[in-house]
There are 2 protein chains.
Amino acid sequence: MAAEHVARDADIAPVAALIADPTRAAILTALLGGRALAAGELARLAGVGAATASAHLSRLLDGRLVDVVRQGRHRYYRLAGHEVAEVLEVLARVSARPLVRSLRQSRQARMLEEARTCYDHLAGRAGVGLLDRLREGGCLTGEEVTPEGERLLAGLGVDVAAARAARRRFAPECLDWTERRAHLGGALGAAVTGALLELGWYVRGPVPRAVTLTDVGRGGLAALFSGKELTSHTPVT
Amino acid sequence: MAAEHVARDADIAPVAALIADPTRAAILTALLGGRALAAGELARLAGVGAATASAHLSRLLDGRLVDVVRQGRHRYYRLAGHEVAEVLEVLARVSARPLVRSLRQSRQARMLEEARTCYDHLAGRAGVGLLDRLREGGCLTGEEVTPEGERLLAGLGVDVAAARAARRRFAPECLDWTERRAHLGGALGAAVTGALLELGWYVRGPVPRAVTLTDVGRGGLAALFSGKELTSHTPVT
DNA sequence: CGGATATTTCGCCTCCCGTCGAACCGTCAC
DNA sequence: GTGACGGTTCGACGGGAGGCGAAATATCCG
């Protein structure tokens, strides 16, 4: 989903190992509330002796998953930054992944599979289709926009020059994890997506990252790409 | 960061334990490319015997971190969905967290700490400040908008009724992990943030989730909240 | 059908790691 | 000071998990 922004390979095992222990997981989860808690409190919450908790906290400190602030004879521990909280939250989401989704959830999931934003660019079947159409139409070769592409995008109101001048990567492929194929990311992806929303071809949906194709958008895209839909699927109803 | 959307507590330890083993981590990382790989290939990539790899894959399968597709005498394994890929990516990010950031990174980090979007609503010091100002001004009590709040928000072009009718939670607090305090999330948070962008009080920055306060916005907010800035800090330069 | 190859299952060994009790070091209260 | 309490360090114990080789199973190819 965020392949564009993935850090180069780092050993994830050590960090995972820190979270893998049930006691440490309980400690970290207790700290998810944002408050700093004393060592003894954490030991109690985790249901373990003070010695054990201390050992765990020491390891979490080494691994820079928690910070400690000493205050008198107490030591208050808290999570070491929002990245750590994010890991715990994402991990909680996959851990809670139900075997079978509710109707509402599966409908939302289908909407997100169809079209959603990935940070600030279009993803899902629509995102993958868009990149395919752009490449098929010779608008994009590698990471460069061709003259045809420049014309087509200008027609949409995309400022390609501004995107090229942006401080982020211009037009990287971003791996789409529901499609397992690439969609268009980077400054250009953001600019194109912004233009599509601006034109009202896509509108943001009720679910945070969902966007949906409008009738206007369907017509516009069909005209742009000579009748080819971005995706062959019927829209989610 | 995404406390609004966090699943209820699930034991994250088992999933973390699956990732915690270096061999399994290597297997999962190899699968991050999105392609399905055969068991033997994965064994080779992970630098381990076929028997060992098989055992690991079996456990990953049990834990629903990978899917398998049998094709003749080969068994191709792939990650079981985008959530799993997300976990690995976020985990890679914290694992790679440098001890000291580069100047550019720290500047970007400061921008994000100041103001950014969290899914589709305002976060960072600006987001926390906004919620504080709304509460101080008596615009919001608990999760309800007061008549004063209704007037103030209407002046900004926020359609409170529409937000209230949305299918997502109306105005939940969303824990902000850089501030360790709450900001306004949910349908109302999204609507307010949309209005602020629409008015040009905030504009999206070069970095994916960054937004920055404009001069117009500074004036508008000052007028709204009788001179109080959302944050006492000088803007990031 | 029979040999070759891919993958899994089965023991077995080893070693790491979480646990606890007890001793030790700081800090607070009187 | 001196006792009480929070927290960490030390040492020993036990269980669980990963590693491998060998045998079993499944699939392909001729």
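Proteins get letters first, then strands, A, B, ... in listed order; numbering begins at 1 in each.
- Minimum heavy-atom separation, A:Ala182 to A:Glu173: CB-OE1, 3.4 Å.
- Between C:dG18 and A:Arg24, a contact under 4.0 Å exists linking OP1 or OP2 to a side-chain N or O.
- The nearest whole Å value for the distance from the CG atom in B:Asp62 to the P atom in C:dT9 is 10 Å.
- Between the C1' atom of D:dA17 and the CG atom of A:Asp21 lies a distance of 14 Å, rounded to the nearest Å.
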Name the atoms and distances for all side-chain donor-acceptor pairs under 3.5 Å in residues 15-25 of chain A, with sequence neighbours left out.
{"from": "A:Asp21", "atom 1": "OD2", "to": "A:Thr23", "atom 2": "N", "distance (Å)": "3.0"}
{"from": "A:Asp21", "atom 1": "OD2", "to": "A:Arg24", "atom 2": "N", "distance (Å)": "3.1"}
{"from": "A:Arg24", "atom 1": "NE", "to": "A:Leu18", "atom 2": "O", "distance (Å)": "2.6"}
{"from": "A:Arg24", "atom 1": "NH1", "to": "A:His56", "atom 2": "ND1", "distance (Å)": "3.1"}
{"from": "A:Arg24", "atom 1": "NH2", "to": "A:Ala17", "atom 2": "O", "distance (Å)": "3.1"}

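- Among all heavy-atom pairs drawn from B:Glu179 and B:Glu113, the shortest one is OE2-O, 4.4 Å.
- Rounded to 10 degrees, the angle between the two end axes of the helix from C:dC1-D:dG30 to C:dC30-D:dG1 is 30°, with five pairs used at each end.
- Counted by atom type alone, B:Thr178 and B:Arg116 present one or more donor-acceptor pairs between their side chains at under 3.5 Å.
- The pair A:Asp132-A:Arg125 does not meet the salt-bridge criterion, since no charged nitrogen lies less than 4.0 angstrom from a carboxylate oxygen.
- Nearest-nucleotide positions on DNA chain C place A:Gly47 closer to the 5' end than the other of A:Gln71 and A:Gly47.
- Screening residues 26-47 of chain B for salt bridge (Lys or Arg N to Asp or Glu O under 4.0 Å), with sequence neighbours left out, gives B:Glu41-B:Arg44.
- Contact between the side-chain N/O atoms of A:Arg59 and the OP1/OP2 oxygens of C:dC17 is not found at any separation under 4.0 Å.
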For residues 73-80 of chain A, please give each side-chain donor-acceptor pair under 3.5 Å, one per line with the distance, not counting sequence neighbours.
none

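- When the side chain to side chain donor-acceptor pair (under 3.5 Å) test is applied to B:Arg180, no partner is found at least two apart in sequence or on another chain.
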Please list, pair by pair, any protein nitrogen or oxygen found under 3.5 Å from a nitrogen or oxygen in nucleotides 7-11 of chain D.
{"from": "D:dG7", "atom 1": "OP2", "to": "A:Gly40", "atom 2": "N", "distance (Å)": "2.9"}
{"from": "D:dT8", "atom 1": "OP1", "to": "A:Tyr77", "atom 2": "OH", "distance (Å)": "2.6"}
{"from": "D:dT8", "atom 1": "OP2", "to": "A:Ser54", "atom 2": "OG", "distance (Å)": "2.9"}
{"from": "D:dT8", "atom 1": "O5'", "to": "A:Ser54", "atom 2": "OG", "distance (Å)": "3.1"}

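- Following rounding to the nearest Å, B:Leu60 (CG) and D:dG18 (C1') show an atom-to-atom distance of 13 Å.
- Following rounding to the nearest Å, B:Arg70 (CZ) and D:dT25 (P) show an atom-to-atom distance of 15 Å.
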